[in-house]
Participant: 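The structure's right below; bear with me while I get my questions together.
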Amino acid sequence: MNQILAIGVFLLTYALIVVKPGRINEALAALIGAILASFFLLKPHQILEALGISTLEMPQPLVTTWNVVIILATLMVISSLLDDYGFFEYCAKKAINASKNSGHRLFLYTYLVVSFIALFAGNDVVILTTTPIILIFCRNARIDPKPYMYASFFAANTFSMPLYIGNLTNILIGDSFGLDYFGFTKYMFLPTLAAAFVNYQLLKYIFRKQIPETFDSKDNVEALIKNRPLVTLGLAVLLGVIIFGGIANYYRVPISFVTLTGALILLLSERRIAHRLKRVSWNVVIFVIGLFIVVKSLDVSGVNARIGEMVFSGLSDNIFVATYFVSLLSALMCNLVNNIPMTAMMLSIIQQAGLSSDMNTAMGYSLVIGSNLGANFTTFGALAGILWLESARRYGWNTTMTDLLKIGLFVTPIAILGASIVLAIELSI
């Protein structure tokens, strides 16, 4: 009975997130699901465990949710400051102006600069920053923005893979599997390059007739950084967070301590604390907390264990097959339940599958590939896709779900295959 009830709560939560009756947002939908799960399915100690707090029954929670939430909020503080003072816009416009009226160079530079920004700021920030710039530039140059919009979208989702703190799903996976901070980048850097190469070449082929040889640019206005000292400090803090995050991980100090310190330095230096805290997407924070409580009810009721038995019972011992299977499966599941709830659910499923230590680690990194590249199938595979389309519509551009699905279904499985092969080779050596 509890299993049926837990599945019902999960499906209701998912329906509220997708359908949005009465225009409720994702955070409220997840909160409703969490309240129902807490009332009907969970005991008080299990709610604490879902929040990542140790209890007598579970001294080591699956994910230290509080740590993940603090990392998420504080990274938003750091990236929003760099965004507000024009650093990301500066990088984007520099790249566009460097194309010197070549459509192919513009395509390459768009892909590269979005990849660079996504590497350090995450896919959500880069999409919100670069989408208006690309659309305004293409409108002024009288060229079709579609190739460049797709290049930026695929690049943003791909280059959120290599860093432990590059994406919320990375943090969740790294925290749950106890992955080494710098080891995460060591294993994920080459798979990211493999996926990026596949994405770029296939997208360039798909849009070969829509990318102009030359164009007449009327937008050569240089972007200006609005506060150089503060941006310099912000970049130094970001670099410090990346480096000291690894040191903290090695000494088993919560990475949130490092990101919180970095955010506090910027808050005190900028002296606009209220404004900066308003730039944090608190709805995303509530969304994450609510989902972990809902997923905890699936765990407690035995649903996750049952799914794990079905998924992994016939899993091949071949590392290449297993890696690709889990990467592709999780990528496809992103587009059924969004990458954050998919990751939360898969963490519990994999951990309860009774896999060997080496295979468990391999499945963790496979989940990283799936949770990031899965966002390239449809716009609802991740929050970044929703933001991409909403931002583009404000500037008069849209793409159909059919178009994105056709391109995503052609490009993404091959990109996942490339990334999975490289990861499997690394894990086999």
Participant: Could you give the side-chain donor-acceptor pairs of residues 412-429 under 3.5 Å, partners two or more places apart or in another chain?
Facilitator:
from, atom 1, to, atom 2, distance (Å)
T412, OG1, G408, O, 3.0
S420, OG, S327, OG, 3.4
S420, OG, I416, O, 2.7
S428, OG, A424, O, 2.7

Participant: Using a 6.0 Å cut-off, check whether atom CG of L268 has over 12 heavy atoms from anything other than its own residue.
Facilitator: yes

Participant: State the CG-SG distance between L82 and C91, to the nearest 0.5 angstrom.
Facilitator: 9.5 Å

Participant: Considering the options H275, R276, R279, which one meets the side chain to side chain donor-acceptor pair (under 3.5 Å) requirement together with S80?
Facilitator: R276

Participant: Kindly give the heavy-atom pair with the smallest separation between S297 and A6, and that separation in Å.
Facilitator: O-CB, 3.7 Å

Participant: Are side-chain heavy atoms of F154 and V114 found at a separation under 4.5 Å?
Facilitator: no

Participant: Does the side chain of L51 reach to within under 4.5 Å of the side chain of F292, using non-hydrogen atoms?
Facilitator: no

Participant: Starting from the C-alpha separation in whole Å, work towards a yes-or-no answer on side chain to side chain contact (heavy atoms under 4.5 Å, CB included) for F184 and I165.
Facilitator: CA-CA 10 Å; F184 187 100; I165 57 174; over 6 Å; no

Participant: I need the minimum non-hydrogen distance between I78 and G234, along with the two atoms involved.
Facilitator: CG2-O, 4.3 Å

Participant: Applying side-chain contact (heavy atoms from CB on, under 4.5 Å), name anything that partners F177, two or more places apart in sequence or on another chain.
Facilitator: I173, L179, L347, I350, Q351, N360

Participant: Which residue is it: T110, T130, L135? I am looking for the one with a side-chain contact (heavy atoms from CB on, under 4.5 Å) to M149.
Facilitator: L135

Participant: Could you give the distance from CD1 (I171) to OG1 (T64), rounded to the nearest 0.5 Å?
Facilitator: 10.5 Å

Participant: Please assess F257 against T261 for the test side chain to side chain contact (heavy atoms under 4.5 Å, CB included), listing each intermediate value before the final yes or no.
Facilitator: CA-CA 6 Å; F257 176 77; T261 301; 4.3 Å; yes

Participant: If every non-hydrogen atom of S79 is compared with every non-hydrogen atom of F88, which pair is closest and at what distance?
Facilitator: O-CE1, 3.5 Å

Participant: Can a donor-acceptor pair be found between the side chains of D299 and S348 at a distance below 3.5 Å?
Facilitator: yes

Participant: What I want to check is whether the side chains of T55 and E49 have a donor and an acceptor closer together than 3.5 Å.
Facilitator: yes

Participant: When you check the gap from the basic side-chain N to the acidic O, do D84 and K226 get nearer than 4.0 Å?
Facilitator: no

Participant: Side chains of Y164 and V368: closer than 4.5 Å at any heavy-atom pair?
Facilitator: no

Participant: Please assess F189 against M161 for the test side chain to side chain contact (heavy atoms under 4.5 Å, CB included), listing each intermediate value before the final yes or no.
Facilitator: CA-CA 8 Å; F189 185 69; M161 274 204 298; over 6 Å; no

Participant: Taking the side chain as everything from C-beta on, heavy atoms only, tell me whether T129 gets closer than 4.5 Å to I117.
Facilitator: no

Participant: Taking CZ in F320 as the centre, count heavy atoms belonging to other residues, nucleotides or ligands within less than 6.0 Å. Is the count above 12?
Facilitator: yes

Participant: Can you check whether F120 and F116 have ring centres sitting under 6.0 Å from each other?
Facilitator: yes

Participant: With heavy-atom distances below 4.5 Å as the criterion, would you say the side chains of I349 and M346 are in contact?
Facilitator: yes

Participant: Between CD1 of I32 and CG of L12, what distance do you get to the nearest 0.5 Å?
Facilitator: 7.5 Å

Participant: By side-chain contact (heavy atoms from CB on, under 4.5 Å), which residues pair with V300, not counting sequence neighbours?
Facilitator: L42, Q46, K296

Participant: Less than 3.5 Å apart, any donor N or O on the side chain of N199 or T158 sitting next to an acceptor on the other?
Facilitator: yes

Participant: Please check if the side chain of W282 supplies one atom and the backbone of L277 the other of a donor-acceptor pair under 3.5 Å.
Facilitator: yes

Participant: If only side-chain N and O atoms count, and only distance matters, is there a donor-acceptor pair under 3.5 Å linking T259 with T74?
Facilitator: yes

Participant: To the nearest 0.5 Å, tell me how far L119 CG sits from I242 CD1.
Facilitator: 7.0 Å

Participant: If only atom types and distance count, is the side chain of S256 paired as donor or acceptor with the main-chain N or O of I71 below 3.5 Å?
Facilitator: no

Participant: Specify the closest pair of heavy atoms between M342 and C334, including all atoms of both residues, with the distance to one decimal.
Facilitator: CE-SG, 3.4 Å

Participant: Strictly distance-based, threshold 3.5 Å: is any side-chain N or O of S54 a donor or acceptor partner for the main-chain N or O of P59?
Facilitator: yes

Participant: Using 30° and 60° as the class boundaries, would you call the ring planes of Y150 and W388 parallel, tilted or perpendicular?
Facilitator: perpendicular

Participant: With a 6.0 Å cut-off (strictly less than), is the heavy-atom count around CZ of F182, excluding the residue itself, greater than 12?
Facilitator: yes

Participant: Any heavy-atom pair between the side chains of Y148 and C138 that's under 4.5 Å?
Facilitator: yes

Participant: On a heavy-atom basis, which atom in P21 and which in L16 lie closest, and how many Å separate them?
Facilitator: CG-CD2, 3.6 Å

Participant: Tell me whether Q60 at atom CD has more than 12 heavy atoms from other residues, nucleotides or ligands lying less than 6.0 Å away.
Facilitator: no

Participant: Between N170 and N372, is there a side-chain donor-acceptor contact under 3.5 Å, judged purely by atom types and distance?
Facilitator: yes

Participant: Answer whether the closest heavy-atom distance between the side chains of S371 and N167 falls below 4.5 Å.
Facilitator: no

Participant: To check you understand the geometry: which heavy-atom pair defines the closest contact between T13 and G33, and what is its length?
Facilitator: OG1-CA, 3.2 Å

Participant: Are any of the side-chain heavy atoms of E270 and Y85 separated by less than 4.5 Å?
Facilitator: yes

Participant: Look only at the side chain of W397 and the backbone of A392, and say whether a donor-acceptor pair between them is shorter than 3.5 Å.
Facilitator: no

Participant: Is there a side chain to side chain contact (heavy atoms under 4.5 Å, CB included) between L373 and N157 once you walk through the steps?
Facilitator: CA-CA 6 Å; L373 296 185; N157 291 324; 5.8 Å; no

Participant: Return yes if some donor-acceptor pair links the side-chain N/O of Y111 with the main-chain N/O of A196 below 3.5 Å, else return no.
Facilitator: yes

